[in-house]
Colleague: 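This is the structure I have questions about; it appears just below.
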Number of protein chains: 2
Amino acid sequence: MANTSTLGRTTLLDRQDGRSQVVAPFDPSSEGVPPRGRGSGTLPGRDAPAGHLHGEVLTRLRDYIVEGELPAGARVPERLLCERLGISRTPLREALKVLAAEGLIDLLPNRGARVRRLDESELIELFDVMGGLEALAGRLACENLTDVDFDAIERLHHEMYGHYLRRDLHGYFACNQAIHQAIVTAARNATLSATYATFAGRVRRARYSANLDADRDRWGEAMREHEEILDALHRRAGAELSDILFRHLRNKYRSAARQTAERVQAKPVHDLT
Amino acid sequence: MANTSTLGRTTLLDRQDGRSQVVAPFDPSSEGVPPRGRGSGTLPGRDAPAGHLHGEVLTRLRDYIVEGELPAGARVPERLLCERLGISRTPLREALKVLAAEGLIDLLPNRGARVRRLDESELIELFDVMGGLEALAGRLACENLTDVDFDAIERLHHEMYGHYLRRDLHGYFACNQAIHQAIVTAARNATLSATYATFAGRVRRARYSANLDADRDRWGEAMREHEEILDALHRRAGAELSDILFRHLRNKYRSAARQTAERVQAKPVHDLT
DNA sequence: GCGCCCTAAAATGCATTCATTTTTCAGGCC
DNA sequence: GGCCTGAAAAATGAATGCATTTTAGGGCGC
């Protein structure tokens, strides 16, 4: 699917030390998009397809942050982004306000926006909230699950088990995520789904190395937990499933944290200010 | 504490039928605030104390919506609000974007903002999410609760019981809310607290008549549930408390819905489009 | 050399202005 | 009378401009 956006798509920053740096000097004629405003004639042809600049910018910035293109802790270069995206500051600033509300950036009064740094304590908090949301999803799913829903999840489960046996980490992850998402969807609560998606975005930024290959014990444990999940789901045991899911997330975090610790021990870094 | 705000404080709308209506013709010299901009000299003395217009406007609008001053379903009159608040459209629009992200208003492209209508199905969703968050809070509280924390909650509980015996609805509600808030606080998870606060705001709009006086059975049941809550908290039984809290919220909703239904039956309305 | 003060440049907050879209409503047609 | 048409009015989205604050340098004194 092609880029249907009005906005330019370029690398923004290169340095990770918090000092923003232009990758290449600004040249509107090369990378940017002709300004839409009053001066030049706004093209009438499918210009802003999805809708309005603000929403597009919002999506784009979210991606930049989640993908790490705007590094954590870095100041968000308002001016530069405007040039890169070929827009004025107004829609950008609107998007920044929303991102701040979502918890992705901090807005310092009169001192601009900074990409929120995800320290360990906040990551714990996020994982716990995710655990709480999944626990809720599990409970609601038990109330609303159709047999068709269950069959689909069961299929995913068995497929995932196959990946587990073959030690196919990639396939395993895909199925794993699909199962969790299916449970949330089966909860049939749009508010929950939206909230879950927001937090999933915030967690995804962490890019913790859930390298199950390096943690065979955890992989087996996770698989066993998923057996329990499927079983509880089958029995429509809401409270039980709720509990399993929360602990599942907790264990997932613990494994990730353990690995992070090991990596830090092996090669100490100063990233965790 | 007085109104430390820059912004005027006036009634905005009077009609509840979705058509916004000016209460009184606009007259900057009477109700409004002198424009801050370049034209008139911006007062140097403590003008915007808390901080920046955007944040203040945001808080103010949230209040307007939660308090019902901006009725559900009504269009948000951008121009009028600007005049009333004595600001330009820029900060207002920024605030609207954030409110939309919070789920309080809908933003229709090119067609302005409307206060989100809270229909029954969404109220169910919100209650369930609140239940899930409280369930999480209970679980975490059990992990982190100090004896001092517990004692404080126990005191609140007994105070609430006193109100219950005396059929003091007001005092009961106050204690009830304080207990639930204390549990969330005891979870010691700032992310959870913030999320909880957001949803609490959204639910508060509903102003469902949780008239326990008219539902004695529920009141007794609620009190019994709170006994269980306190007991589970005392035993630090996280999973159990989690379950109780979710069901507690469910029952609370059911009671509210039952009363709403009775009221509708008594006096049918067409508000629930 | 190091820190402080002062000035210039940049960034930020908000107001204002411009271009478009939507809405309103008067007039004409059926 | 009701309904469509279309132009004027209002509302919206975004750009630009101005005032203020913050930041970056540079000169000065210690």
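Side chains are part of it too, since the values below use all heavy atoms of this structure and drop only hydrogens, waters and symmetry mates. Here is the naming used below: chain letters follow the sequence lines, and residue numbers restart at 1 for every chain.
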Colleague: Please check this pair: side chain of A:Glu125 against backbone of B:Thr191, looking for a donor-acceptor N/O pair closer than 3.5 Å.
Modeller: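 Checking the backbone N and O of B:Thr191 against the side chain of A:Glu125, a donor-acceptor pair under 3.5 Å is found.
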Colleague: Can you tell me how far P of C:dA19 sits from CG of A:Leu53, to the nearest Å?
Modeller: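 My rounded result for the distance is 17 Å.
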Colleague: Can you tell me how far C1' of D:dT12 sits from CG of B:Leu81, to the nearest Å?
Modeller: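 My rounded result for the distance is 15 Å.
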Colleague: For DNA chain D, find the residues of residues 97-112 of chain A with a heavy-atom distance under 4.0 Å and give them by number; none if there aren't any.
Modeller: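 Correct list: A:Asn110, A:Arg111.
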Colleague: Got A:Val184 and A:Leu140 here, is their nearest side-chain heavy-atom distance under 4.5 Å?
Modeller: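 The answer is no; the side chains never approach within 4.5 Å.
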Colleague: Is the base of D:dA15 touched by the side chain of A:Thr90 through a donor-acceptor pair closer than 3.5 angstrom?
Modeller: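 Check passes, donor-acceptor contact within cut-off.
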Colleague: Does B:Glu122 come within less than 4.0 Å of B:Arg117, counting only side-chain N to carboxylate O?
Modeller: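 No, this pair does not count.
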Colleague: A side-chain contact here means heavy atoms from C-beta on lying under 4.5 Å apart; do B:Leu107 and A:His52 qualify?
Modeller: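 Result no, sub-4.5 Å side-chain heavy-atom pair not found.
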Colleague: Which sits closer to the 5' end of DNA chain D, A:Arg89 or A:His54, going by the nucleotide each is nearest to?
Modeller: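 Here A:His54 is the residue nearer the 5' end.
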Colleague: Between atom CD in B:Glu83 and atom P in C:dT16, what is the gap in whole Å?
Modeller: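 Checked: the CD to P distance equals 12 Å.
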Colleague: Separation of A:Glu94 atom CD from C:dT12 atom P, in whole Å?
Modeller: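 The distance from CD of A:Glu94 to P of C:dT12 comes to 16 Å, rounded to the nearest Å.
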Colleague: Whole-Å distance between D:dA14 P and B:Leu92 CG?
Modeller: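 Rounding to the nearest Å, CG of B:Leu92 and P of D:dA14 are 15 Å apart.
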Colleague: Start at the 5' end of DNA chain C and walk down; is the nucleotide closest to B:Pro91 or to A:Ala113 reached first?
Modeller: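 Result: A:Ala113.
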Colleague: Measure the distance from CG on A:Leu80 to C1' on C:dA10 and round it to the nearest whole Å.
Modeller: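 A:Leu80 atom CG is separated from C:dA10 atom C1' by 14 Å.
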Colleague: Please state how far atom NE2 in A:His52 lies from atom C1' in D:dA15, giving the value in whole angstrom units.
Modeller: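 In whole Å, D:dA15 C1' and A:His52 NE2 are 16 Å from each other.
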Colleague: Just by distance, do the side chain of B:Asp149 and the backbone of B:Ala186 share a donor-acceptor pair under 3.5 Å?
Modeller: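 No, because the side chain of B:Asp149 does not come within donor-acceptor range (under 3.5 Å) of the backbone of B:Ala186.
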Colleague: Scan B:Arg79 against the nucleic acid and name what it touches under 4.0 Å (heavy atoms): base, sugar-phosphate only, or nothing.
Modeller: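 Sugar-phosphate only.
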Colleague: Would you please confirm or rule out a distance under 4.0 Å between OP1 or OP2 of D:dG13 and any side-chain N or O of A:Arg93?
Modeller: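 Result: no.
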Colleague: Any donor and acceptor pair, going by atom type alone, linking the side chain of A:Arg114 with main-chain N or O of A:Gly73 inside 3.5 Å?
Modeller: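 Side chain of A:Arg114 to backbone of A:Gly73: a pair is present.
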Colleague: Name every donor-acceptor pair, under 3.5 Å, that has one atom in a side chain of residues 97-106 of chain B and the other anywhere in the protein, sequence neighbours excluded.
Modeller:
residue: B:Glu102; atom: OE1; partner: B:Arg62; partner atom: NH1; Å: 2.8
residue: B:Glu102; atom: OE2; partner: B:Arg62; partner atom: NH1; Å: 2.4
residue: B:Asp106; atom: OD1; partner: B:Arg116; partner atom: NE; Å: 3.4

Colleague: Can you tell me how far P of D:dA14 sits from CG of A:Leu85, to the nearest Å?
Modeller: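 One finds 13 Å between P of D:dA14 and CG of A:Leu85, rounded.
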